[in-house]
A.B. asks: 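The structure that follows is given in the form of structure tokens.
Both ligands and their constituent atoms are indexed starting at 1 by order of listing. The figures here come from the full heavy-atom set of this structure, side chains too, leaving out hydrogens, waters and symmetry mates. On a predicted model such as this, the values are computed, not experimentally measured, just so you know.
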Amino acid sequence: MPVQLDDTDVAILKCLMADGRKSFRAVSRETKVSTPTVKARYERLVNMGLIKSVRPDIDLSKVDKRSKEEFGDSLQDLKKQKKHFHLHVDSDLKVKLKCDFCGGPVHGKPKVLKFGNFERFFCCVQCRASYKEKHGGRIEMLKEQYKKQ
Ligand SMILES: [Zn+2]
């Protein structure tokens, strides 16, 4: 089953789409979502592969249009921003996940592996186990870093 984006996710995406240089605090002010939530949601969207990277050269001409946009329109715009956002969103705001190990589509509920601030999604427990095995060292390292924060 694809992951459903909620209003908060879309608000944050819209905000970043207008200006990718915005700080989490600026996004928080605009979206009325707390800064830690913005940060967590942003990281989740990155983890889902929805945001590939936010570059500092996002087209600022899009900014003024933003306020008038409905959900659908803004998603179309998001899709056009493929250079900056790596989107797999269908029309009803569902994110199609790809397995982080085999790269295949995730059917049904994804198997999730959480470590530190990160979440990885897999098509099956086998892929999750293989990923863990392959990246064990890195996962432990990130867990340690997370604890120190
Ligand atoms: Zn897989």
Side-chain angles (χ1 to χ4, degrees), residues 1-28 30-31 33-59 62 66 69-149:
M1 211 203 325
V3 173
Q4 180 89 45
L5 294 179
D6 64 16
D7 293 5
T8 309
D9 295 319
V10 173
I12 292 167
L13 279 170
K14 277 170 78 174
C15 207
L16 284 169
M17 189 190 76
D19 181 358
R21 282 172 299 189
K22 269 178 201 147
S23 65
F24 289 131
R25 202 183 300 173
V27 173
S28 159
E30 278 190 38
T31 56
V33 177
S34 74
T35 310
T37 305
V38 169
K39 196 162 178 280
R41 291 303 186 99
Y42 174 82
E43 273 157 8
R44 187 165 170 267
L45 291 167
V46 172
N47 288 335
M48 288 192 301
L50 192 66
I51 298 173
K52 190 137 197 183
S53 63
V54 179
R55 304 243 169 87
D57 57 348
I58 278 180
D59 187 359
K62 302 276 195 300
R66 184 184 41 156
E69 279 164 1
E70 294 293 321
F71 248 34
D73 287 344
S74 53
L75 256 193
Q76 282 309 312
D77 269 14
L78 282 173
K79 280 179 184 168
K80 281 184 212 147
Q81 300 268 336
K82 263 191 184 149
K83 263 170 144 173
H84 308 291
F85 293 97
H86 186 69
L87 290 180
H88 311 273
V89 185
D90 66 22
S91 51
D92 48 355
L93 291 175
K94 283 177 183 152
V95 180
K96 291 186 190 91
L97 290 175
K98 264 182 14 185
C99 177
D100 279 309
F101 187 74
C102 71
V106 176
H107 300 296
K109 217 169 173 291
K111 306 289 175 286
V112 184
L113 176 65
K114 282 191 192 182
F115 47 99
N117 282 331
F118 295 87
E119 274 178 283
R120 289 289 177 263
F121 303 92
F122 304 96
C123 63
C124 59
V125 288
Q126 186 54 51
C127 277
R128 184 172 64 185
S130 306
Y131 182 93
K132 244 176 164 169
E133 209 171 294
K134 197 176 162 195
H135 301 285
R138 198 173 120 77
I139 291 168
E140 284 311 311
M141 200 183 79
L142 287 165
K143 272 187 189 164
E144 283 306 310
Q145 280 179 0
Y146 185 63
K147 268 188 241 163
K148 285 181 205 143
Q149 271 179 14

A.B. asks: Taking the Zn ion (ligand 1) as the centre, how many protein N/O/S atoms fall inside a distance shorter than 2.8 Å?
C.D. replies: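 Considering protein N, O and S only, the Zn ion (ligand 1) has 4 within range.
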A.B. asks: Who pairs with C99 by side chain to side chain contact (heavy atoms under 4.5 Å, CB included), at least two apart in sequence or on another chain?
C.D. replies: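 C99 satisfies side chain to side chain contact (heavy atoms under 4.5 Å, CB included) with F101, C102, V106, F122, C123, C127 once adjacent residues are dropped.
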A.B. asks: Output yes when a side-chain donor or acceptor of R128 lies under 3.5 Å from a complementary backbone atom of F121, and no otherwise.
C.D. replies: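 Judged by distance alone, no pair lies under 3.5 Å.
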A.B. asks: How far apart are the closest heavy atoms of K132 and I139, and which atoms are they?
C.D. replies: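 Closest approach of K132 to I139, heavy atoms only: CA-CD1, 4.1 Å.
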A.B. asks: Salt-bridge test for K14 and D7: reply yes if a basic N is under 4.0 Å from a carboxylate O, no otherwise.
C.D. replies: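 Looking at K14 and D7, the cut-off is not met.
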A.B. asks: Is there a side-chain contact between T31 and T8 in this structure, where contact means two heavy atoms from C-beta onward sitting under 4.5 Å apart?
C.D. replies: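 A side-chain contact under 4.5 Å is absent here.
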A.B. asks: Taking all heavy atoms of I12 and all of V38, pick out the closest pair and write down the distance.
C.D. replies: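 Shortest heavy-atom contact: CD1-CA, 4.0 Å.
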